[in-house]
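What follows is a short report on a single structure.
Start at 1 and go down the list; that is how both ligands and their atoms are numbered. As the structure is a prediction and not an experimental result, all values here were calculated from the model.
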Amino acid sequence: MASECVSTSEIPLNDFRRQWDSIEGDVLAATRRVGSRGWYILGEEVAGFERALAAHVGRRAVVGCGNGMDAIEIALRATGLRPGDEVLTTPLSAFATTLAVVRAGGVPVFVDVDGHGLLDFDAAGEALRARRSIRYLIPVHLYGHALNLGVLRALRDEFGVIVIEDCCQAVGAGWQGTPVGSVGSASALSFYPTKNLGALGDGGALLTDDPAIEAAARSLRDYGQSARYRHDRLGLNSRLDELHAGILATALLPRLTVWTERRRSIAAVYLRGIMNEHVRVLPNPENSDSVWHLFPVLVEPSRREAFRAHLRALGVSSAVHYPELIPSQRALGDFGSVTVGELTVARRIAGAEVSLPIHPFMRPEEVERVVAAANSWRPS
Ligand SMILES: *Cc1c(COP(=O)(O)O)cnc(C)c1O
């Protein structure tokens, strides 16, 4: 019966079952390769994956880490963050961006975002002019969009700040053809399963062109060792393991370009098709070659849960990125973070945002169902 009807099966935000069906053979082959070699930590697989990813993203060096948050912390420490250094960043991101700053000993400074939800570079420039104590800038290429790298470079050069780019949602994104991660002294990627290059568990990487930062990061991820049992720094244990590096290198990274193209074509259908005065699509920022990690729309904040219930009733999953601003999180309550200005836009987006499903395994009819579900919403 049900199979003859138009499908109303749940469209998930990520479809790991379909992903597994398409990668299973290559994952098992990678597992056999690693298992038969019997070398599990910092070996050929990690080195090979680091080289392949460096070539893919156009950076000189990649250092595999335990996760994206650690990659940010390691980037801050490898570039010489001193305790108490102020780090300008966005209030609208994964909490991990700020948590990495705090763990590294920095003091987060928040300014507002722009209408796309990305760090507002005008507000950032004003803050940098007003607070010469700010030493670092961590922009986040949120939702898979690329920030304006021309402006980022200009801010870096005018104020002499050290830039660490959080590219955890934006692997492969570019601005006017220049890849994200190319302006910062270092940048961070996450291989958390839901990310565009999502592994079957945790993983991350630091990207840099600077050999000194690369060397410091290699030491910091491995207890701060400079040679076996010789510890020059107080490091972390944050290594990408061989098994995951092997899976990333031969089962996942080779598919990233095709997966990204699929995300882009789904986004194009949404951008063309979603036409509802009550559902505002956040457009592609100018000159951003976005990779559409998420597809955010904005609805009236008081009706957000009703909109999500409407989607759910039509079998469309959704999520919110992010319901609460980082400086409002309780964990930061007693910590001396700094907020510059009112964060008006960030607050508005946090109240209004809903993320629609966008993943490479969506079928065309499912994409159309999402469009129809968004278009049929009428707030009561
Ligand atoms: C996922 C994410 C992180 C953290 O990555 P993990 O691998 O989960 O530690 C940091 N910043 C942003 C923007 C992210 O999306």
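- Ranked by closest heavy atom to atom 12 (C) of ligand 1, the top entry among Ile138, Leu99, Leu294, Asp166 is Asp166.
- Considering backbone and side-chain atoms alike, Gly68 places an N or O below 3.5 Å from some N or O of ligand 1.
- Counting atoms of ligand 1 from 1 in the listed order, those under 4.0 Å from a heavy atom of Thr97 are 11 (N).
- Atom-to-atom distance recorded for Leu81:CG and Ile162:CD1 is 8.0 Å, nearest 0.5 angstrom.
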Compile the donor-acceptor pairs under 3.5 Å between side chains in residues 176-189 and protein atoms, sequence neighbours left out, one pair per line.
unit_1	atom_1	unit_2	atom_2	d
Ser182	OG	Pro179	O	2.6

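- Taking only nitrogen or oxygen atoms, main chain and side chain alike, Asp202 does not reach within less than 3.5 Å of ligand 1.
- Nearest protein heavy-atom contact of atom 4 (C) of ligand 1 is Ala96 CB, 3.6 Å.
- Surrounding CD of Glu44 are at most 12 heavy atoms belonging to other residues, nucleotides or ligands under 6.0 Å away.
- Taking atom 1 (C) of ligand 1 as the reference point, the nearest protein heavy-atom neighbour is Lys195 NZ, 1.5 Å.
- Residues Glu305 and Arg308 are paired through a salt bridge, judged by an N-O separation under 4.0 Å between the basic side chain and the carboxylate.
- Close N/O approach between Ser190 and ligand 1 is found [any backbone or side-chain N/O within under 3.5 Å].
- In terms of polar-atom proximity, Met69 is counted as a contact of ligand 1, with an N or O under 3.5 Å from an N or O of the ligand.
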- [ ] Would you please test Glu165 and Arg59 for salt bridge (charged side-chain N to carboxylate O under 4.0 Å, His left out) and show each step?
- [x] CA-CA 13 Å; Glu165 292 178 64; Arg59 298 270 65 79; over 6 Å; no
Open item on the list: Could you walk me through whether Arg218 and Glu214 satisfy the salt bridge (charged side-chain N to carboxylate O under 4.0 Å, His left out) test, starting with their C-alpha distance in whole Å, then the side-chain angles of each, then the deciding distance to 0.1 Å, before giving a yes or no?
Closed with: CA-CA 6 Å; Arg218 290 195 184 287; Glu214 179 197 354; 2.9 Å; yes
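- On a distance-only criterion, Ser93 and ligand 1 share no N/O pair closer than 3.5 Å.
- The local environment of CZ in Arg264 is crowded, with over 12 non-hydrogen atoms from other residues, nucleotides or ligands closer than 6.0 Å.
- Contacts with ligand 1 closer than 4.0 Å are made by side-chain heavy atoms of Val140 only, the backbone lying farther away.
- At a heavy-atom cutoff of 4.0 Å, ligand 1 is contacted by no atom of His293, backbone or side chain.
- Per-residue contacts place Asn67 under 4.0 angstrom from the following atoms of ligand 1 (heavy atoms of the residue considered): 7 (O), 9 (O).
- Smallest separation of non-hydrogen atoms from Met69 and Asn67: N-OD1, 3.1 Å.
- Atom CZ of Phe121 is surrounded by more than 12 heavy atoms from other residues, nucleotides or ligands within 6.0 Å.
- The distance criterion of under 3.5 Å between nitrogen or oxygen atoms is met by Gln169 with respect to ligand 1.
- Ligand 1 is never approached by His141 to a heavy-atom distance shorter than 4.0 Å.
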